[in-house]
Structures are given as structure tokens and as C-alpha cells.
Number of protein chains: 2
Amino acid sequence: MNQNMNNMKRKTRQREIIKQVFQVESRPLNPMELLGLAQSRLSGISLATVYRAIKELVETEWLITVEMPGMALYYEINLHRHHHHFFCYSCSKVFEVEGCVPVETLTPKGFLLESHEIILSGQCSACMQG
Amino acid sequence: MNQNMNNMKRKTRQREIIKQVFQVESRPLNPMELLGLAQSRLSGISLATVYRAIKELVETEWLITVEMPGMALYYEINLHRHHHHFFCYSCSKVFEVEGCVPVETLTPKGFLLESHEIILSGQCSACMQG
DNA sequence: TTGCAATTGAGAATTCATTTTCAATATAGC
DNA sequence: GCTATATTGAAAATGAATTCTCAATTGCAA
């Protein structure tokens, strides 16, 4: 009878916590970072659940993928805003960077520029002070 | 007696061809691209040999690593020149891009910028014409 | 040419991120 | 509270890139 329940997404403690972590941290996270942060709120949470939640949240576009060169994927809340990233060599955290620069001037002759990515690296302010 | 031969690097057909391919293509190559191009010059060449040669050439700094977001590593001849890259969505080839833009203006307050990476993406001139 | 260590090819092994399996558990409609 | 089923945790399985193993081959000094 209750056909309406088929394939219905349920609100679970794990999924709520995973979204909370992204909101509280407000920076891109990779699956292992996310696992650690989620476990500090609910110790039993598993890596499989983290991956499952990420997958769903990317599919619904609540999260977007951040590809950092040479690293596992990071994910961040989809803010629908053009921006770039800063990678900290000390703590390996990734941060959002606002603004942009005129990269189209670099496009080689005859090439069509469709998108671009700028990755700054160095030390974040927390690591500079530590 | 002949201690001098210990650990000596030998000049082999395979290694010469691998270096030639980088010089002729003059763009970053990943191991599979390199294997294909090398095999067209010497059909028996194996993937293990390609990886071994890359490893040596990176150690001697004849090659440098190019990390493209979300992709296997690419390698390019070390020209000791600051530059960036263009990734073609159609043919997946990576090209060197000359010049730079003032990215330091993007650095968040309190952060220390040590290096940066700019990756342009779109279509290369060959794919635009095809 | 000879001898021997460096190098090679082929495939097995490893590594690591991610996905799947499945029995146990928990959510939501009744 | 009861029930159906979506979700979970734990561990096994997968997939892809890279490294290793080892017997056969090759480069090079003598």
C-alpha cells in the first residue's frame, strides 16, 4: 500500500552530522578528514557511510568536488560562486580563496579557454602563528 | 677488480627512445601516453620500463612532475622556467602555457604564499580545427 | 669475444581510494 | 508500539596506478 515510502531518503544521525561538519568547518574536506571530524561527534560512524553520504550530496549538488593536484578528492558545500583554493603545506587543509585574476590572457593562440583553476600553496594563518 | 662498473647506468635503446619522445612531443606526458609513443618507435617496450625510466629521469631532474587535478601524473622536461598548463578536454593532452598573472593578490590575510599553479582547460588548437 | 652486472619484458604484487556485500539496526508511516 | 525497508558498520572486493620479481637479454670494460 504505502508505495510512497519506496526509495525514500531517511534523515539519519550520520547524514545530519556529516552535513553539520561541512557547515561548521566551512572549508573543503576529504573523506578521511570528514571521517575524523564526524567521529568526534558520533564515534561509531564508518568510512563507508562517509563515502555514501558524500556520493549522495554530490549527486544532489549540495556538495561539489574539489580536485587538488596529486591528492585524494576534497568536497565543499556548493556555494554557486566562482572561487579558488589555497593548500597549506603544514596542515594539509584546503581553504577557499575569493576573487580571481585575468587568466584568459594566458590562453595560447588558437586554443579555446572554457574553465580554469588556480591553486595557491603555502602556509595558512593558523600554521603561521603556531 | 673492475669496481668502476658497479651501479653504472647503461645507455639502452629503451631509455634513449623515452627521452626522444619527450623531446619530440615537447609537452607533458603521462605514463600511458609515453608508452604508446615509445612503442611506435620500438614495439616491444614495456610499461615497467617506462615507469623505471620516468623514475630515474625525475631523480636526476631531467624530468619534472606535473600534477593535473584528478588525473594520473604527467611528466615534462625540466626547463627551469616558471610556467603553467592547459588541459584539452577533447584529446586529454596537456600543453605548456607561458607567462603568469599576479595571483599573490588573492592570498588570504595572514597566509604565506609559497607557490601557485594555474590550470587552464578547454580545447587545444588541433581539436578546434578537427 | 668474453664475462658479468645492469636492464628488460611479462606478469604478479602492492598500494590506496572507493565501492560493494550483507547481517544487524534504526527510521518513519501506520 | 509494530512493521517494512532504508541505512548502517565492518570487512571484503574492486579498480587503477605504480612497483616488484625473476628469468632472459644486453651493454660495456677488458
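Below, read A as the first sequence line, B as the second, and so on, with proteins coming before strands; counting in each chain starts at 1. Any value given below was found using the heavy atoms of this structure, including those in side chains, with hydrogens, waters and symmetry copies removed.
To the nearest angstrom, C1' of C/dT8 lies 6 Å from CZ of B/R52. Atom C1' of nucleotide C/dT18 and atom CG of A/L73 are separated by 10 Å, given to the nearest angstrom. Following rounding to the nearest Å, A/L35 (CG) and D/dG9 (P) show an atom-to-atom distance of 10 Å. The CD atom of A/E16 sits 12 Å away from the C1' atom of C/dT27 (whole-angstrom rounding). In this entry the distance linking OH of B/Y51 with C1' of C/dA13 reads 15 Å, nearest Å. Regarding A/K55, its NZ atom lies at a distance of 7 Å from the C1' atom of C/dT19, rounded to whole Å. Rounded to an integer number of Å, the gap from B/I17 CD1 to C/dT8 P is 11 Å. Distance, A/I54 CD1 to D/dT8 P: 13 Å, rounded to whole Å.
Evaluation of atom-type donor-acceptor distances gives no pair under 3.5 Å for the side chain of A/R10 against the base of C/dT25. On a pure distance criterion of 3.5 Å, no polar donor-acceptor pair joins the side chain of B/R13 and the base of D/dG27.
A salt bridge between B/E96 and B/R81 is present, with a side-chain N of the basic residue lying under 4.0 Å from a carboxylate O of the acidic one.
For A/Q14 and D/dG9, the shortest distance from a side-chain N or O to OP1 or OP2 is below 4.0 Å. Look at B/S46 and you won't find any side-chain N or O under 4.0 angstrom from OP1 or OP2 of C/dT8. In terms of phosphate contacts, A/T12 brings no side-chain nitrogen or oxygen within less than 4.0 Å of OP1 or OP2 of D/dT7.
Note: B/H84 and B/H116 have tilted aromatic rings, judged against thresholds of 30 and 60 degrees for the angle between ring planes.
Comparing A/A48 and A/E56 against DNA chain D, the residue whose closest nucleotide sits nearer the 5' end is A/E56. Heavy-atom nearest nucleotides on DNA chain D were determined for B/K11 and for A/L47, and the one closer to the 5' end corresponds to A/L47.
Using a 4.0 Å heavy-atom distance criterion, A/R15 is classed as a sugar-phosphate-only contact.
At least one side-chain heavy atom of B/E67 sits less than 4.5 Å from a side-chain heavy atom of B/L73.
Under a 3.5 Å cut-off, the side chain of A/Q39 and the backbone N or O of A/I45 do form a donor-acceptor pair. No donor-acceptor distance shorter than 3.5 angstrom exists from the side chain of A/R41 to the backbone of A/I18, with no hydrogens or angles considered.
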